[in-house]
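Since we're looking at a predicted model, the values are computed, not measured. Just follow the structure's listing: the first ligand is 1, and inside any ligand the first atom is 1.
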Amino acid sequence: MPASVILGAQWGDEGKGKITDLLAETADVVVRYQGGNNAGHTIVVEDERFALSLIPSGVLYPTVTPVIGNGCVIDPKVLLEEMATLRSRGIDPSRVLVSGNAHLIMPYHRKLDAVIERYLGEAMIGTTKRGIGPAYMDKYSRFGIRVQDLFDPKIFRKKLDVALKDKNRQLTKVYNQLPLDGEQIFDEYMVYADQLTEHITDTSLVVWEALERGDNILFEGAQGTLLDIDHGTYPFVTSSNPTAGGAAVGIGIGPNRIDHVIGVVKAYISRVGTGPFPTELHDETGDQLIEIGGEYGVVTGRRRRCGWLDAVALRYAVRVNGLTEIALTKLDVLSHFDSIKIATAYTSLGERYTEFPRQQRVLYNCVPHYEEHEGWNVDISEASTYEDLPEQAKRYVDRIEELAGVPIRTVSVGPARAATLERKPT
Ligand code: IMP
């Protein structure tokens, strides 16, 4: 492994949690490098379900140091709640390390996230309303309050008052909301400071030292490639960089320290929230994918939109991330279909596209060109080796590998750890 990035190659919800968890078994350090509690990772260990949103999946292994890097935005209330939940289930969260340079999600970020979405009406992004976008807005406008500020009450209060003056004006004058009380926020965050103090450190240094020791390190991306603020389907994206380059910046390491980039690809595709989605199915087949695939958000419970695998978007993800291998997930969901499709090109506004279009108008008008594959119609969730899979399923996997141009080394056929098959690339 030495240092590998693992990330979603689609719009998130590819089943990264499970693959990360498996790789974490041999990792020494697992690092989150962007996003916050907008992510949702479900991990199933011996019939127990763990839904994590901020703490890296690796926390379930006592030998792993879980790290939350500077590129993340942190809601301290959620972080502490997640730690408490883990503790109540017998997992020690004391090893969790958090960058002092990560930015804090404040109560006004959550409030603004909700009211801005309402204000946008039909143009809404469909955010998770966790305050992610407003927190990153403050980071880049240099109004942000960082985790390290919690430990200097005077500075914290000063920064809070400056921010709150502006936020309360927005909340009351633009969005017709009640103002927030600075005193109350201050008191609340000082309690968090006390509880978090032992977890805060220079995580860039921690990771660098681990790299120097030759430790196995996993950099865990949240959301997915097509939700990247720079490379995704802007403006219907998240406010950070889930793509592989984001790992270097969001941790504070050189990009040359990353050895592998593993893209997690669902055997079909889904997205939550609004925005263009060329292979979306609005018919019974789409509904079937949602129901059989259990495509409901871990964080918000929202019904995901589903469609056939999009190889144009996949090749794009290979390119912008420099994927070195693919882990294919939820292949078992497709066992219920007589025929399965893959989009290999689009037509939009009279032109044919084999590369993912960067122009929003083009993307909105894409009509996919599909190739059709024979289904296998048998339950594959009990398969114990890749070779056990029906020929049709193997042909489907081979074809995805051929279209992506990157080896598929892992195929997942169910939520449990055991339902993961190792594949020798062709
Ligand atoms: P935000 O990250 O809450 O600002 O939401 C921005 C967009 O990213 C919305 O379309 C969300 O539905 C989407 N999004 C955020 N986190 C996730 C995730 O973990 N999986 C899938 N979509 C996500």
Side-chain angles (χ1 to χ4, degrees), residues 6-20 32-43 51-57 68 71-75 78 82 103 105-106 108-120 122-140 220-243 246 250 263-266 268-277 280 290 293-307 313 317 329-330 360 363:
I6 179 161
L7 52 82
Q10 297 161 326
W11 274 291
D13 308 315
E14 297 90 352
K16 288 182 294 292
K18 176 189 154 173
I19 306 293
T20 309
R32 278 278 307 265
Y33 57 86
Q34 47 71 231
N37 56 313
N38 48 347
H41 292 168
T42 315
I43 303 156
L52 299 173
S53 68
L54 186 57
I55 296 179
S57 316
I68 304 178
C72 296
V73 283
I74 293 170
D75 189 327
V78 173
E82 237 167 67
H103 279 248
I105 296 180
M106 304 296 292
Y108 43 81
H109 293 138
R110 284 193 301 267
K111 188 129 193 191
L112 281 167
D113 202 357
V115 291
I116 292 172
E117 280 284 275
R118 232 178 293 146
Y119 170 82
L120 285 173
E122 269 190 12
M124 68 149 60
I125 292 159
T127 74
T128 57
K129 299 200 178 85
R130 300 297 192 262
I132 307 294
Y136 278 110
M137 273 158 71
D138 277 2
K139 169 175 173 171
Y140 289 104
E220 178 184 2
Q223 291 83 49
T225 299
L226 299 171
L227 288 171
D228 187 282
I229 185 87
D230 285 286
H231 303 292
T233 48
Y234 190 90
F236 304 101
V237 292
T238 193
S239 303
S240 61
N241 290 111
T243 48
V264 184
V265 176
K266 190 151 60 182
Y268 49 100
I269 195 165
S270 69
R271 98 170 278 178
V272 254
T274 48
F277 181 172
E280 180 170 14
I290 295 166
E295 295 293 347
Y296 291 88
V298 177
V299 173
T300 58
R302 286 182 294 174
R303 193 172 196 260
R304 297 177 185 142
R305 302 152 65 193
C306 280
T329 60
K330 296 185 104 165
Q360 210 184 340
L363 199 55

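Which parts of ligand 1 touch A39 is read off a 4.0 Å heavy-atom cut-off, strictly below it: atoms 19 (O). Close approach of ligand 1 to W11 is summarised as follows: ligand atoms under 4.0 Å from at least one heavy atom of the residue are 21 (C), 22 (N).
Among all protein heavy atoms, the one lying closest to atom 20 (N) of ligand 1 is D13 OD1, 3.2 Å. At the top of the distance list for atom 3 (O) of ligand 1, counting protein heavy atoms only, stands T128 OG1, 2.6 Å. Annotation: atom 10 (O) of ligand 1 to nearest protein heavy atom, V272 O, 3.3 Å.
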| task | Starting from the C-alpha separation in whole Å, work towards a yes-or-no answer on side chain to side chain contact (heavy atoms under 4.5 Å, CB included) for H103 and Y140. | result | CA-CA 10 Å; H103 279 248; Y140 289 104; over 6 Å; no
| side chain to side chain contact (heavy atoms under 4.5 Å, CB included) between T243 and D230: does it pass, once the steps are laid out? | CA-CA 9 Å; T243 48; D230 285 286; over 6 Å; no
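In terms of N/O distances under 3.5 Å, ligand 1 is approached by T238. In terms of polar-atom proximity, T274 is not counted as a contact of ligand 1, lacking any N or O under 3.5 Å from an N or O of the ligand. Here's the thing with D113: none of its N/O atoms is less than 3.5 angstrom from an N/O atom of ligand 1. Taking only nitrogen or oxygen atoms, main chain and side chain alike, T127 does not reach within less than 3.5 Å of ligand 1. Checked against a 3.5 angstrom limit, the closest N/O atoms of V237 and ligand 1 fall outside it.
Side-chain atoms of R130 and S53 form no donor-acceptor pair, as typed in the model, at a separation below 3.5 Å. Defined by atom type and a distance below 3.5 Å, a donor-acceptor pair is missing between the side-chain atoms of Y136 and Q34. Using modelled atom types, one finds a donor on one side chain and an acceptor on the other under 3.5 Å when comparing T127 with D113. For D228 and N241, the side-chain atoms include at least one donor-acceptor pair closer than 3.5 Å.
Checking side-chain atoms of E82 against main-chain N and O of I55 turns up a donor-acceptor pair under 3.5 Å. Checked by atom type and distance alone, the side chain of Y119 never pairs as donor or acceptor with a backbone atom of A114 at under 3.5 Å.
The proximity of L227 to ligand 1, defined as any non-hydrogen pair under 4.0 Å, is limited to the side chain. With a heavy-atom cut-off of 4.0 Å, F236 does not touch ligand 1 at all.
Closest heavy-atom approach to atom 11 (C) of ligand 1 among the candidates G133, G275, P235, G126: G126. Among R271, E14, Q10, Q223, the residue whose heavy atom lies closest to atom 17 (C) of ligand 1 is Q223.
Each of K16, R32, E220, K18 was checked for a side chain to side chain donor-acceptor pair (under 3.5 Å) with S57, and the lone residue meeting it is E220. Here the options are K330, R303, R305, the test is salt bridge (charged side-chain N to carboxylate O under 4.0 Å, His left out), and the partner is E295; only K330 passes.
Contact between A222 and ligand 1 is absent, with no heavy atom of the residue lying under 4.0 Å from the ligand. The closest approach between a heavy atom of R302 and any atom of ligand 1 is below 4.0 Å.
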